[in-house]
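Report on the following structure.
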Amino acid sequence: MARRPLIAANWKMHKTQQEAKTFVASFLPKIAAVRDRDVLICPPAPLIFAVDQARKDSPILLGAQNMYFEEKGAFTGEVSPGMLKDLHCEFVILGHSERRWVFGETDELINKKVQAAIKAGLIPILCVGEKLEEREKNLTEQVILNQMDLGVKGVADTVIGTMVIAYEPVWAIGTGRNASAKDAHDAIALIREFIHSRYGSSSAEKIRILYGGSVKPENMATYMKEEGIDGGLVGGASLDPESFAKLVTY
Ligand code: PGA
């Protein structure tokens with residue numbers, strides 16, 4: 001079974017509503033011929049509505065960059081899974097390294113979010129990846145497996161295959177220093193092997209695993225040639241419609 005590639009834009013904390021609308025208007029005609037892959041935009045929460053309006057009747061998928069795991073309550077500043085569903089989000093990025101290392105999110109918290117997202121009918125994009133000092137100490141595999149183990153705890157074998165995992169080495173994010181295609185391939189093979197041993201072959205065959213970290217129009221095709229890499233999670237190079245369209249049409 002061939003997995004459908006997924007190219008996801010993570011806009012992080014960028015753009016106004018007007019800029020978001022202008023992006024979509026310029027981006028859509030550039031990807032009009034694309035049929036065989038999924039294209040996802042994850043804007044900051046205040047821009048989700050604007051992107052949803054602008055993408056109407058287009059194949060663009062919509063996602064959020066984060067959420068809280070509770071459905072409602074006294075959680076000032078937070079956004080619930082139900083609110084994202086209500087805004088027509090289909091995906092949510094969880095455990096992004098900026099959430100882990102700037103905002104102190106733990107694997108336990110991320111796992112609660114993963115479970116809450118699934119319960120609400122959102123597809124989690126769980127991000128995992130090692131820091132530079134961990135790579136230098138040869139801890140890459142251990143770190144990835146530990147984040148996977150804790151991140152997918154309690155996820156049923158009937159739904160794991162619908163999830164998305166993004167391997168994003170922390171040292172490659174926003175640095176211009178992208179992982180080699182071989183390193184990305186090896187990490188992604190390790191993640192798929194983990195899913196295989198825990199959930200069996202059909203889940204391992206089905207789950208989409210992306211690479212993220214300084215993905216650019218110039219290096220996207222190199223990753224997509226690797227067996228097992230199902231797409232990209234793109235930060236900086238997704239902010240400009242020209243550049244993101246080039247990435248999507250790699
Ligand atoms: P980058 O970010 O493409 O700017 O490196 C990727 C990410 O953080 O998802």
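Counting starts at 1 for both ligands and their atoms, in listed order.
Ring geometry for Phe244 versus Phe27: interplanar angle under 30°, hence parallel rather than tilted (30 to 60°).
Short contacts between ligand 1 and Leu233, defined as distances under 4.0 Å to a heavy atom of the residue, involve ligand atoms 6 (C), 9 (O). Each of the following atoms of ligand 1 lies closer than 4.0 Å to a heavy atom of Ala172: 5 (O). Atoms of ligand 1 found under 4.0 Å from any heavy atom of Gly236 (numbered from 1 in listed order, with element): 1 (P), 3 (O), 4 (O). Of all atoms in ligand 1, listed by their number and element, those nearer than 4.0 Å to a heavy atom of Gly174 are 1 (P), 4 (O), 5 (O). Every atom of ligand 1 is numbered from 1 in the order shown, and the set under 4.0 Å from a heavy atom of His96 is 7 (C), 8 (O), 9 (O).
Note on ligand 1: Ser97 sits outside its first shell, no heavy atom being nearer than 4.0 Å. Note on ligand 1: Ser214 sits in its first shell, one or more heavy atoms being nearer than 4.0 Å. Under a 4.0 Å heavy-atom criterion, Gly213 is in contact with ligand 1.
A salt bridge links Asp38 with Arg208: at least one charged nitrogen is closer than 4.0 Å to a carboxylate oxygen. With respect to the salt-bridge test (charged N to carboxylate O, under 4.0 angstrom), the residues Asp149 and Lys153 do not qualify.
Without hydrogens or angle criteria, Arg3 side chain to Glu205 main chain gives a donor-acceptor distance under 3.5 Å.
Of the residues Glu70, Glu105, Glu108, the one that meets the salt bridge (Lys or Arg N to Asp or Glu O under 4.0 Å) test with Lys113 is Glu105.
In the candidate list Lys216, Lys12, Arg177, Glu98, Lys12 is nearest to atom 2 (O) of ligand 1, counting heavy atoms.
Proximity of Ala166 to ligand 1, defined as any heavy-atom pair under 4.0 Å, is not found for any part of the residue. Contact annotation for Ile173 and ligand 1: heavy atoms of both the backbone and the side chain come within less than 4.0 Å of the ligand.
Glu71 CD: more than 12 foreign heavy atoms inside a 6.0 Å radius.
Cation-pi geometry between Lys131 and Trp171 is not satisfied (NZ or CZ under 6.0 Å from the ring centre, within 45° of the ring normal).
Remark: minimum distance from atom 9 (O) of ligand 1 to any protein heavy atom is reached at Glu168 OE2, 2.8 Å. Nearest protein neighbour of atom 3 (O) of ligand 1, counting heavy atoms only, is Gly235 N, 2.8 Å.
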key: Verdict with reasoning, Ile110 to Gln147, per side chain to side chain contact (heavy atoms under 4.5 Å, CB included)   = CA-CA 10 Å; Ile110 293 160; Gln147 289 176 345; over 6 Å; no
query = Under the side-chain hydrogen bond (donor to acceptor under 3.5 Å, both in side chains) criterion, do Tyr167 and Glu130 qualify, and how do the steps go?
reply = CA-CA 9 Å; Tyr167 168 60; Glu130 80 287 359; 2.9 Å; yes
